[in-house]
Amino acid sequence: MSFVLKAAVGEPAQRASNPAVVDTVAAVIADVRANGDDAVRKYSEKFDGWSPESFRLGEDRVAEIVKSVPETVLDDLRFAQRQIRDFAQAQRDSIQDLEVETLPGVFLGHRNVPIDAAAAYVPGGRYPLTASAHMTVLTAKVAGVERVAATTPPNAGEPPQISVAAMHLAGADEIFVLGGVQAVAALALGTETIDPVSILTGPGNAYVAEAKRQLFGEVGIDLFAGPTETLIVADHLADPFTIAVDLLSQAEHGPDSPCVLITTSESVGRAVIDHIDALLPGLVTNAIAGPAWRDHGQIHVVDTLDEAYRLADVFASEHVQILTEDPRQALTSMRNYGALFLGEGTCVPYGDKLIGTNHVLPTLGAARYTGGLWVGKFLKTLTYQEVRDLGSSAKLGEVCGRLSRLEKFEGHARSGDLRAAKFGNAPLPWGDLPTRVTSER
C-alpha cells in the first residue's frame with residue numbers, strides 16, 4: 001500500500017506573484033520607462049549602494065578583473081564552459097532549415113534565425129552564480145545571437161570578480177554591474193546609455209522573476225522561475241546515504257526549495273531520514289537547507305516503479321534523479337520534468353554547474369508544458385512560401401476563395417479569385433481583369 005512517510009508542512013510555493021512584489025516591481029519599471037538612466041541610478045543607489053560613473057565595464061576594466069582571478073579558477077570556468085558549449089553546439093547542429101515542394105511548384109520552408117540581442121542576468125550578492133553566465137551567455141552566442149548583454153549585481157560595492165570573468169569567458173559583448181529590477185527593466189526597455197534587447201534570460205530573486213513576468217510581451221523571456229525543486233525516484237537497491245546527500249545538495253538553494261523522494265522501499269525511506277538528521281548539523285548551509293527539508297521535504301513510499309514514475313510526473317519537478325536498477329527506464333516512463341539525472345554516477349549539481357546541459361529549467365509545474373532554456377530558445381523559426389507554378393496558384397486561388405467566403409472574408413476571397421482568373425480559366429464575377437500595359441523605356 002502506498003503511503004506518505006514524510007509530508008511537507010510548509011506552504012507550497014505560489015504560482016501567482018505576491019501582490020506587494022507586483023506593486024513594487026511595477027513602480028520601478030514605470031519609473032525606468034519614464035526616466036531612463038536617472039531612475040536606474042536611483043534604484044541602484046537605494047538597493048545596492050552602487051552608483052559608478054558607468055554601469056557598463058570597459059574592456060580595460062574587464063581585462064583587469066579577469067587577470068585578478070587565479071588561473072586555476074579560470075581553468076575550471078573554461079572546463080565547464082567547454083562542456084556547455086559543446087552540447088549547445090550539438091543542439092544547434094541538430095536544428096535544420098527546411099524547404100519542401102508540397103504541390104507542383106509550391107515551395108514551403110522555414111529558416112532558423114538568431115534573435116538579434118539577448119540579456120543574461122547573472123545573480124550575485126552572497127551567492128554569485130557564475131554557472132548562470134555559462135548557461136545564458138554562452139548558449140546565446142552558440143545560437144548566433146549578435147549582441148549579448150550580461151549583467152550582475154555588485155558585491156560589497158565592487159564588481160564580483162568571478163562572475164565578471166565567467167561572463168567574459170562565455171563571450172558577453174557587454175558586461176554591466178547592475179542588479180535587480182532596475183537592471184532587467186533597463187535592458188528590456190532601453191535607456192540613454194543602455195540599448196534594449198529582445199529577450200531576457202537568467203534566474204533571479206522574486207523581484208527579478210516578477211520583472212520578467214511584467215515585461216514579457218514587450219520582450220521575450222526564457223521562462224518563469226520559482227524555487228529550485230528536486231525529486232528522486234529510488235528502488236530498494238538505492239543507497240540511502242547518497243539519496244540524503246543529494247536531497248540536501250538542492251535544499252541549500254533556498255528555505256522554500258521542495259525536496260521529494262519517491263521510493264518503493266520503506267526501509268530506504270526511513271534510512272534517508274536518519275542520514276539527513278545526522279548530516280544537517282554539520283552542513284554549513286544548514287540555516288537554509290534545514291528549513292527546506294523540514295517544511296518542504298517529502299517521502300512517498302509506493303508499491304511499484306510504474307507508480308513511482310506516475311507520481312513523479314504529477315510533481316513535474318525541475319530536477320528528477322533516478323536511482324534504480326535500470327535508470328534509463330525513466331526515459332520512456334516519464335514526460336514531466338525539467339531535466340533527468342540517470343544513475344548514481346550522475347547528480348543534480350553536475351547539471352547545475354558543468355556537465356553541459358542547461359540549468360535554467362521549469363519550476364512550479366511548468367515542466368508539464370515546457371522544457372528549459374536551450375540553444376533553440378534564442379532562434380526564431382521563420383516560415384516562407386513561394387508559388388512558382390501558376391497552375392498551382394490558380395488551383396489554390398479557387399479553394400482560397402471558397403474557404404474565405406465560408407468565414408465571411410470577402411477581401412481574402414477576392415485575392416484568391418484574382419489568381420484563379422489570372423492564371424487559370426476561372427471567371428471573375430466581381431470585376432474584369434485589366435489589360436496589362438507594357439511601358440517602353
Side-chain angles (χ1 to χ4, degrees), residues 88-119 139-148 188-190 195-201 215-224 335 358 362 366 368-441:
Q89 186 62 58
Q91 289 182 313
R92 180 65 186 91
D93 292 343
S94 75
I95 303 171
Q96 301 296 318
D97 292 351
L98 169 72
E99 184 173 282
V100 294
E101 188 174 8
T102 58
L103 292 169
V106 177
F107 296 89
L108 309 181
H110 71 231
R111 300 172 58 238
N112 296 288
V113 179
I115 292 170
D116 59 347
T139 307
K141 295 309 290 185
V142 171
V145 177
E146 185 174 341
R147 171 179 165 249
V148 178
L189 304 173
D195 292 332
V197 299
S198 298
I199 187 171
L200 300 169
T201 66
L215 290 162
F216 177 56
E218 290 189 71
V219 293
I221 65 171
D222 45 6
L223 43 77
F224 298 121
R335 65 174 66 213
N358 205 294
R368 294 175 294 111
Y369 59 83
T370 186
L373 183 63
W374 71 299
V375 70
K377 189 70 176 181
F378 296 99
L379 299 170
K380 300 177 293 183
T381 301
L382 309 177
T383 59
Y384 63 90
Q385 44 274 311
E386 179 184 14
V387 182
R388 300 178 195 166
D389 185 296
L390 300 185
S392 291
S393 183
K395 174 63 175 177
L396 290 168
E398 290 182 27
V399 180
C400 178
R402 293 194 294 269
L403 291 175
S404 296
R405 289 189 173 93
L406 287 176
E407 300 176 349
K408 311 301 184 185
F409 275 75
E410 181 61 25
H412 286 63
R414 291 186 177 194
S415 189
D417 293 346
L418 174 61
R419 284 155 180 83
K422 195 169 187 177
F423 304 135
N425 298 315
L428 196 64
W430 46 266
D432 296 319
L433 283 174
T435 302
R436 178 173 294 184
V437 177
T438 303
S439 61
E440 294 183 4
R441 296 190 178 185

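A quick note: this is a predicted structure, and the numbers were derived from the prediction, not measured.
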### Message
Just checking Asp93: does its CG atom have more than 12 heavy atoms from other residues, nucleotides or ligands closer to it than 6.0 angstrom?
### Response
yes
### Query
Within a radius of less than 6.0 Å around CZ of Phe216, do more than 12 heavy atoms belonging to other residues, nucleotides or ligands occur?
no
### Task
Could you tell me whether the side chain of Ser404 and the main chain of Cys400 form a donor-acceptor pair under 3.5 Å?
yes
### Task
For the pair Thr201 (side chain) and Ala119 (backbone), establish whether a donor and an acceptor sit closer than 3.5 Å, ignoring hydrogens and angles.
yes
### Message
Between Thr139 and Gln91, is the side chain to side chain contact (heavy atoms under 4.5 Å, CB included) condition met? List the steps.
### Response
CA-CA 10 Å; Thr139 307; Gln91 289 182 313; 5.5 Å; no
Can you see which heavy atom on [X] is nearest to which on [Y], and at what distance?
X      : Y      : result
Ala118 : Val145 : N-CG1, 3.9 Å
Phe423 : Leu390 : CB-O, 3.3 Å
Gly401 : Ala413 : O-CB, 3.6 Å
Glu398 : Ala420 : CG-CB, 3.6 Å
Phe378 : Leu373 : CE1-CD1, 3.8 Å
Val197 : Ala117 : CB-O, 3.7 Å

Counterpart residues, side chain to side chain contact (heavy atoms under 4.5 Å, CB included), relative to [X] (two or more places apart):
X      : result
Val219 : Ala188, Leu200, Leu215
Tyr384 : Glu99, Arg111
Asp389 : Pro104, Ser392
His110 : Leu98, Asn112, Thr381, Thr383

### Message
I'd like to check Leu223 versus Lys377 (side-chain heavy atoms, cut-off strictly below 4.5 Å). Are they in contact?
### Response
no
### Task
Identify, with sequence neighbours excluded, every residue that meets ring pair (Phe, Tyr, Trp, His ring centres under 6.0 Å) alongside Phe409.
His412
In Å, rounded to the nearest 0.5 Å, how long is the span from [atom1] of [X] to [atom2] of [Y]?
X      : Y      : atom1 : atom2 : result
Asn358 : Asp222 : CG    : CG    : 8.5 Å
Asp116 : Ile199 : CG    : CD1   : 10.5 Å
Leu103 : Arg388 : CG    : CZ    : 13.5 Å
Glu146 : Ile115 : CD    : CD1   : 13.0 Å

## Note on the structure
residues 409-421 vs salt bridge (Lys or Arg N to Asp or Glu O under 4.0 Å), sequence neighbours excluded, gives Arg405-Glu410, Arg405-Asp417, Glu410-Arg414
